[in-house]
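Report on the following structure.
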Amino acid sequence: MKMVFSVSIILSLGKLMKDTLRYLAGIAGPSGYGSKSTAEQVTQCSSFSSTSQLTAIITGATSGIGAETARVLAKRGVRIVMPARDMKKAAQVKEAIQRESPEAEIIVCEIDLSSLASVQSFCNHFLALRLPLNILINNAGVFSKNLEFSEDKVELTFATNYLGHYFLTETLLEKMIETAAQTGIEGRIINVSSVVHGWVKKDGLSFGQMLNPNNYNGTRAYAQSKLANILHAKEVSRQLQGRNARVTINAVHPGIVKTAIIRAHKGFITDSLFFMASKLLKTTSQGASTTCYVALSSQTEGKSGKFYADCNETNCSSLANDEIEAQKLWTRTRNLINKQLSKLST
């Protein structure tokens, strides 16, 4: 028994070392890309005959990997719709993109993902534009060190990272299905998650505690929201396949990039740790590469309910693969949103 256990540990450590070396060296995986690939590199060959007819909504596009994703997709001719809380920053990003790509079409709209009323207002505004919708990138994310609540009285990290994106996706899903049916172009939804989802165990997936935690821990709340993003992708993928809809949904891990999210983690990740781990950190363009790859690559056509990292399909945690938990989370979220919306309408 001890011998089997020891062999198992040795094999696991061997795989970990092999994966780490592959990551550090940027060795390409089956897709032909790896950890060092940039967003521009992975979008040079697109699955679409003409990206100029595509429209993409990208949340969290005012900074970091979201802004890089918007820049690269705009460079490839995709019309960008940029929902943002900070309209001034959004205008600055739009201006910077159009300086590089003068023909880029970028529409800036206001949204606060932590507010269901704001998400609904954005969706109403977008649908009134009567534009197609080919790509939805649920990229925005926050990390809250201290316990805070949204205007809907939901813990802020969960409200922004998961609940707002769930509602955004559900409200725009029929538009995506309609666009795909009318154009023959596959619709793609990408949930930006993280490998930290694996830190959450089954007893940490309590819906009530995620909404209103008794003992708040910012890192745990962030990991829970990232797990919820994957479970959401799994369940929506199952539903779309059941409808034979030509829309896919996948989750991605962008890698560790020193963005505002990571800088907010001071206290458990310090500047000295960043210095020591500098070889593990990705540039912003490398961080945006997996999102851009899943959004435009021919290699991801027809793939749905998958998890990607370093532009290659990879494994997520066993809990993230739990279909029953995914269905339960989806149903509880739908019930909560319906209850909150009924309050708003009274």
Side-chain angles (χ1 to χ4, degrees), residues 15-51 54 56 58 60-61 64-78 80 100-101 134-139 141 185-198 226 229-230 233 237 248-259 262 277-316 320:
K15 183 180 184 305
L16 178 62
M17 288 178 66
K18 184 179 178 181
D19 289 347
T20 302
L21 288 171
R22 177 181 289 275
Y23 176 88
L24 289 171
I27 297 171
S31 69
Y33 303 111
S35 63
K36 303 296 184 186
S37 300
T38 67
E40 289 202 24
Q41 289 170 342
V42 304
T43 55
Q44 286 175 346
C45 298
S46 168
S47 70
F48 304 103
S49 57
S50 174
T51 51
L54 302 179
I58 307 171
I65 60 174
E68 177 66 3
T69 300
R71 182 189 73 82
V72 172
L73 264 58
K75 188 172 185 177
R76 301 299 178 221
V78 179
I80 304 297
E100 180 184 359
S101 305
N134 309 95
I135 300 168
L136 172 60
I137 299 176
N138 293 319
N139 167 80
I185 300 171
E186 180 180 87
R188 297 185 181 183
I189 305 168
I190 297 107
N191 283 357
V192 178
S193 182
S194 170
V195 291
V196 303
H197 78 272
K226 296 291 111 178
N229 290 148
I230 301 177
S237 174
T248 64
I249 178 168
N250 294 288
V252 303
H253 166 59
I256 306 171
V257 185
K258 194 170 183 181
T259 62
I262 295 295
S278 60
K279 294 296 182 183
L280 295 174
L281 295 176
K282 288 187 173 187
T283 66
T284 303
S285 191
Q286 289 168 348
S289 63
T290 304
T291 300
C292 292
Y293 169 77
V294 176
L296 294 183
S297 175
S298 59
Q299 295 178 340
T300 60
E301 188 167 354
K303 298 286 186 72
S304 193
K306 309 299 183 183
F307 183 58
Y308 289 84
D310 299 330
C311 302
N312 286 275
E313 189 180 329
T314 189
N315 296 321
C316 53

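Computed from a predicted model, the values in this text were never measured in an experiment.
- The structure places OG1 of T38 at 11.0 Å from NZ of K282, a figure rounded to the nearest 0.5 Å.
- Nearest heavy-atom pair, L73 versus A56, reported as atom, atom and distance to 0.1 Å: CD2-CB, 4.2 Å.
- Contact annotation: the side chain of E40 approaches that of R71 to within less than 4.5 Å [non-hydrogen atoms, C-beta and beyond].
- Of the inter-residue distances, the one linking T43 atom OG1 with Y293 atom OH reads 12.5 Å to the nearest 0.5 angstrom.
- When side chains are defined from C-beta on, T248 counts as touching E186, because their heavy atoms get closer than 4.5 Å.
- Residues N312 and S31 bring a donor and an acceptor atom of their side chains to less than 3.5 Å of each other.
- Summarising the geometry of A39 relative to C292, their closest heavy-atom pair is CB-SG, 3.9 Å, with the distance given to 0.1 Å.
- The heavy-atom pair separating I230 from A251 by the smallest distance is CG1-CB, 3.9 Å.
- The minimum heavy-atom distance linking N139 with G60 is given by the pair ND2-O, 3.1 Å.
- We find the CD-CD1 distance between Q286 and I256 to be 12.5 Å, quoted to the nearest 0.5 Å.
- The main-chain N or O of F307 is never found under 3.5 Å from a side-chain atom of N250 such that the two would form a donor-acceptor pair.
- Residues N138 and I189 meet the side-chain proximity criterion, which asks for heavy atoms closer than 4.5 Å.
- Side-chain contact between N191 and I249 is present, with heavy atoms from C-beta onward closer than 4.5 Å.
- For the atom pair D310 CG and S37 OG, the distance stands at 8.5 Å (nearest 0.5 Å).
- A distance of 7.5 Å separates CD1 of I190 from OG1 of T300, quoted to the nearest 0.5 Å.
- When atom types are taken as modelled, the side chain of S193 and the backbone of H253 share no donor-acceptor pair closer than 3.5 angstrom.
- With hydrogens and angles disregarded, a donor-acceptor distance shorter than 3.5 Å links the side chain of K226 to the backbone of V192.
- Here the straight-line distance linking atom CD1 of I137 with atom CZ of R188 works out to 11.0 Å at 0.5 Å rounding.
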**OP:** Evaluate side-chain contact (heavy atoms from CB on, under 4.5 Å) for I135 paired with L296, printing each intermediate quantity in order.
**Re:** CA-CA 9 Å; I135 300 168; L296 294 183; 4.0 Å; yes

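- At least one donor-acceptor pair under 3.5 Å links the side chain of T290 to the backbone N or O of C311.
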